[in-house]
Amino acid sequence: MNVDQYISSGILELYAANALPPEEMREVAEMVEKHARVKEELDAILEGLKNYAAVYAPERSEALYDSIIEKINASPVQIAPPEVKPAPVIPLHKEPQAEKENKRVPDYQRQSGSGRYMLMIAASVILLMVSIAANIYLYDKYVDTQDKLVAMENEKNAMANNANANKVKFEQTESQLKLFTDPHNKMVMMKGMPISPGSEVMVMWNTSNKEVYVDVHRLPPPPEGMQYQLWAIDTDGKPVDAGMLTPFKDRKDQGPEHLKKIGNAVAFAITLEKRGGSPTPSIDKMYVKGEV
């Protein structure tokens with residue numbers, strides 16, 4: 001907290017009213033010694049309280065005073081008769097000294113009416129300033145606490161989202177690992193044909209449950225309106241549609257893509273066809289091929 005924030009927090013008003021805990025009173029005293037601006041602000045607060053009390057204190061009426069003196073001077077002088085002292089009365093029970101002391105008039109009751117009124121005004125002003133400063137101080141604390149709670153909630157949500165994303169990635173990695181380690185899966189690496197020598201795609205064909213997965217290593221993006229199609233060559237040499245490959249940019253994940261089940265195959269190939277597929281492969285547009 002810088003000096004401006006410290007001054008505007010209201011803690012100096014509480015210090016002026018002696019309304020802070022001892023530890024915070026000491027901290028304010030240290031700030032006053034260290035920072036001249038804090039000391040100037042505290043002096044201004046104290047001076048303002050004194051001025052406020054002085055302004056609203058009742059003024060003495062000089063006219064009333066002169067009127068009373070005039071009436072006293074105008075009254076005839078009376079000679080009082082000699083004082084006759086009554087015989088002393090000895091009480092049966094002596095009043096304890098402690099009770100006499102308790103009956104003494106307190107000092108604040110012997111003060112003049114204007115003095116007591118001035119003290120009451122000063123006390124009211126101080127209490128009002130303390131109340132305002134305390135409310136400002138507590139409100140600042142409340143706002144600061146709310147900001148911290150919001151920051152913690154945002155951090156918690158970010159951590160939860162991150163944990164969910166990591167969970168999805170872990171599940172994908174675990175699923176891919178099972179594909180590569182399943183002993184029933186035959187890995188068929190399809191190499192590039194003359195139309196695309198640099199292409200390379202792996203087919204994972206499970207001979208037990210007949211599931212087929214395709215993992216594209218290198219394959220040119222298909223032209224607009226075109227789509228790659230996977231073919232399985234059966235034992236009779238007949239091509240069987242094994243499914244359409246989703247363009248890489250449209251894939252939700254980057255792992256192997258699950259296609260159609262294939263009962264038997266001696267080879268796999270991929271051709272470029274019109275979007276949606278073709279009942280027969282375009283041999284002149286065969287990009288990759290590989291034997292089981």
Side-chain angles (χ1 to χ4, degrees), residues 1-66 68 96-167 169:
M1 180 183 296
N2 56 37
V3 173
D4 292 333
Q5 291 175 337
Y6 189 83
I7 290 174
S8 63
S9 67
I11 196 169
L12 293 180
E13 286 80 358
L14 295 174
Y15 178 83
N18 198 26
L20 290 173
E23 183 179 352
E24 294 193 22
M25 292 288 286
R26 288 194 296 271
E27 292 178 359
V28 175
E30 292 176 359
M31 289 291 292
V32 171
E33 291 180 2
K34 292 180 180 178
H35 303 282
R37 287 188 57 206
V38 177
K39 184 178 184 303
E40 292 175 1
E41 184 69 19
L42 179 60
D43 292 341
I45 292 171
L46 294 173
E47 186 66 23
L49 291 176
K50 291 166 63 177
N51 293 338
Y52 187 91
V55 168
Y56 288 95
E59 298 181 358
R60 295 183 179 180
S61 175
E62 297 294 338
L64 178 62
Y65 176 80
D66 294 340
I68 293 173
Q97 185 65 21
E99 294 184 4
K100 290 183 179 180
E101 293 179 355
N102 291 337
K103 292 182 179 179
R104 290 179 181 176
V105 179
D107 291 341
Y108 73 89
Q109 292 184 2
R110 291 198 296 271
Q111 295 177 356
S112 64
S114 62
R116 290 198 301 271
Y117 187 58
M118 191 170 183
L119 286 176
M120 291 172 62
I121 291 176
S124 300
V125 172
I126 291 174
L127 288 176
L128 177 61
M129 296 296 292
V130 168
S131 176
I132 294 173
N135 287 335
I136 294 174
Y137 179 75
L138 293 175
Y139 178 75
D140 288 343
K141 291 288 186 182
Y142 169 78
V143 171
D144 184 57
T145 302
Q146 289 295 106
D147 291 342
K148 289 181 179 178
L149 288 175
V150 171
M152 291 175 62
E153 185 68 21
N154 292 338
E155 184 178 358
K156 175 185 173 183
N157 292 337
M159 292 177 63
N161 293 335
N162 189 37
N164 290 335
N166 289 335
K167 180 181 178 182
K169 289 182 180 179

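Count residues from 1 along the sequence.
Atom CD of E13 sits about 9.0 Å away from atom CG of L42, to the nearest 0.5 Å. Separation of atoms CD (Q146) and CD (E153) is listed at 11.5 Å; rounding is to 0.5 Å. Atom CG of L149 sits about 11.5 Å away from atom NZ of K156, to the nearest 0.5 Å.
When the salt bridge (Lys or Arg N to Asp or Glu O under 4.0 Å) test is applied to D4, the partners found at least two apart in sequence or on another chain are R37. Partners of V150 under the side chain to side chain contact (heavy atoms under 4.5 Å, CB included) rule, at least two apart in sequence or in another chain, are N154. In this view, L138 satisfies the side chain to side chain contact (heavy atoms under 4.5 Å, CB included) rule with no residue, not counting sequence neighbours.
Between D43 and K39 the shortest side-chain heavy-atom distance falls below 4.5 Å.
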Practice prompt. Take Y15 and L46 through the side-chain contact (heavy atoms from CB on, under 4.5 Å) test and state the conclusion after the steps.
Written response: CA-CA 10 Å; Y15 178 83; L46 294 173; over 6 Å; no
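Among all heavy-atom pairs drawn from I136 and S8, the shortest one is CG2-O, 4.1 Å. Counting all heavy atoms, side chain and backbone alike, I7 lies closest to E41 at CG2-CG, 3.5 Å.
Remark: E155 CD is loosely packed, at most 12 non-hydrogen atoms of other residues, nucleotides or ligands lying under 6.0 Å away.
The list of side-chain hydrogen bond (donor to acceptor under 3.5 Å, both in side chains) pairs with a residue in residues 22-36, not counting sequence neighbours, is empty.
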